[in-house]
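Below is one structure, written out as structure tokens; the observations come after it.
Chain identifiers are assigned alphabetically (A, B, ...) following the order of the sequence lines, protein sequences preceding nucleic acid strands; residue numbering begins at 1 within each chain.
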Amino acid sequence: MSVETAVPIPLLHSTVLEWYAAHARDLPWRAPEATPWAVMVSEFMLQQTPVKRVLPAYTAWLERWPTPAALAADAPGEAVRMWGRLGYPRRALRLHAAATAITERHGGEVPDDHAELLALPGVGEYTAAAVASFAFRRRHAVLDTNVRRVFARVVDAVEYPPTATTAAERRTATALLPEADETAATWAVAVMELGALVCTARTPRCGGCPVAAMCAWRLAGSPPYEGPPRRGQTYAGTDRQVRGKLLAVLREAHGEVSQAELDAVWHEPVQRARALDGLVADGLVEPVAQGVYRLPGAPAAG
DNA sequence: CATACGTGGGC
DNA sequence: TGCCCAAGTAT
């Protein structure tokens, strides 16, 4: 059974696109003057961090580093510091590494090709498609958690998509992609917006949904999720929490930090040491001398 | 393919 | 109060 037979695609397109035209949020990375670099910065920050918290960080970041070359010229530790409390600070390191690669391999211009984007540090399937689509108006299936949820409901009549992206989901997304590049690019961001504002994970606002009348899940009576339990993220008491505390000290200290300052953040020495070792292994923290640490600096000139 | 990886806000 | 979730990526 093909997607084409189950969903009136032209009607779906026009309905979602009209809804988007009327209800899209006015986000800075969607402004016409947003550069591909700005779009890329927003995508890194939005990987698992809500829009509201990204907004101020995005503005400050681009003010300081308006181009990939500007960021690449600074120390990676500065990127980690500017990242602040967005979470998952490895993203800051990867964004810095991506800026370096763009500067060295692409003449300082964010590549417009999906494969070249995918080759950059921290750029996976989603981000490559998002940058190619949003910044360069290319035709790509953009499958993020919002889009996957919308398609799961509208097309597959289930409340939630599978844990990991499947080939079937890619087929569906591709089959639903409008033909024209420009339309496909707007479609991608429009479906994402619908998932973010209306077709939400917890309590979808089906009453205000423009496609409720053609939503397979809705038409099936909104059956509850039946798959395997969606495992939550553990945090309290884990290495992640300790890493967060350690890195917070490093971020707020401009310069070197002593072992004693780091020891103060966690009582249990084995876990504390393991967390610190992990940060060093990830390149987020740099040992300077015995018992002295700092955020990573520029590599020695040579 | 499952797991590690931060942080904070909403209900 | 907790539990759930937020424009994922790398291993």
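Side-chain N/O atoms of A:Arg94 include none lying less than 4.0 angstrom from OP1 or OP2 on C:dT9. At B:dC5, none of the side-chain N or O atoms of A:Arg91 fall inside 4.0 Å of OP1 or OP2 (strictly under the cut-off).
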For the pair A:Arg139 and A:Thr183, evaluate side-chain hydrogen bond (donor to acceptor under 3.5 Å, both in side chains) and give the outcome as yes or no after the intermediate values. CA-CA 8 Å; A:Arg139 183 175 183 272; A:Thr183 310; over 6 Å; no

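Within 6.0 Å of atom CD in A:Glu109, 12 or fewer heavy atoms from other residues, nucleotides or ligands are found, so the atom counts as exposed in its surroundings. A 6.0 Å sphere centred on CD of A:Glu252 holds more than 12 heavy atoms belonging to other residues, nucleotides or ligands.
No side-chain donor-acceptor contact under 3.5 Å links A:Tyr126 and A:Gln47.
Between the C1' atoms of B:dG6 and C:dC4, the separation comes to 16 Å (whole Å). Rounded to whole Å, the P atom of C:dA7 lies 23 Å from the corresponding atom of B:dA4. C:dT9 and B:dG8: their P atoms are spaced 23 Å apart (whole Å).
In this entry the distance linking CG of A:Leu197 with C1' of B:dG10 reads 16 Å, nearest Å. For the pair A:Glu125 CD and B:dC1 C1', the interatomic distance rounds to 15 Å; values are reported in whole Å. As rounded to whole Å, 15 Å separates atom C1' of C:dG8 from atom CG of A:Leu117. When the C1' atom of C:dA7 is taken as reference, atom CD of A:Glu43 falls 5 Å away, rounded to whole Å. Note: CE (A:Met40) to P (C:dG8) measures 16 Å, nearest angstrom. Rounding to whole angstrom units, CG of residue A:Leu93 and P of C:dT11 are separated by 12 Å. One can place CD of A:Gln48 at 13 Å from C1' of C:dA10, the figure rounded to the nearest angstrom. Atom CZ of A:Arg274 and atom P of B:dC5 are 9 Å apart (whole Å).
Taking the six-membered ring where the residue is Trp, A:Phe151 and A:Trp187 present parallel rings, their angle staying beneath 30° rather than reaching 60°.
Counting non-hydrogen atoms under 4.0 angstrom, A:Arg25 reaches a base of the nucleic acid. Using a 4.0 Å heavy-atom criterion, one finds that A:Gly124 contacts the sugar-phosphate atoms exclusively. Counting non-hydrogen atoms under 4.0 angstrom, A:Thr127 reaches the backbone sugars and phosphates but no base. Looking at heavy-atom distances under 4.0 Å, A:Leu86 makes contact with a base. Looking at heavy-atom distances under 4.0 Å, A:Leu27 makes contact with a base. Within 4.0 Å (heavy atoms only), A:Trp29 reaches at least one base atom of the nucleic acid.
Nearest-nucleotide positions on DNA chain C place A:Arg30 closer to the 5' end than the other of A:Pro121 and A:Arg30. Each of A:Gly87 and A:Thr163 lies near DNA chain B, and the nucleotide nearest A:Thr163 is the one positioned closer to the 5' end. Residue whose closest nucleotide on DNA chain C sits further toward the 5' end, between A:Arg149 and A:Val123: A:Arg149. Residue order along DNA chain B, read from the 5' end via each residue's closest nucleotide, puts A:Gly244 first among A:Gly244 and A:Thr203.
For A:Ala201, the side-chain atoms get nearest to C:dA6 when compared with the rest of C:dA6, B:dC5, C:dA7. Listed nucleotides: C:dA7, C:dA6, C:dC5. Nearest to the side chain of A:Ala196: C:dA7.
Atom CZ of A:Arg149 is separated from atom CG of A:Leu194 by 9.5 Å, given to the nearest 0.5 angstrom. A distance of 5.0 Å separates CG of A:Leu250 from CG of A:Leu295, quoted to the nearest 0.5 Å.
Contact annotation: side chain of A:Arg53 to base of B:dT7, donor-acceptor pair present below 3.5 Å. Applying the 3.5 Å distance criterion, the base of C:dC4 shares a donor-acceptor pair with the side chain of A:Arg202. Interface remark: the A:Thr49 side chain does not form any donor-acceptor pair with the B:dG8 base, using a distance-only criterion of under 3.5 Å.
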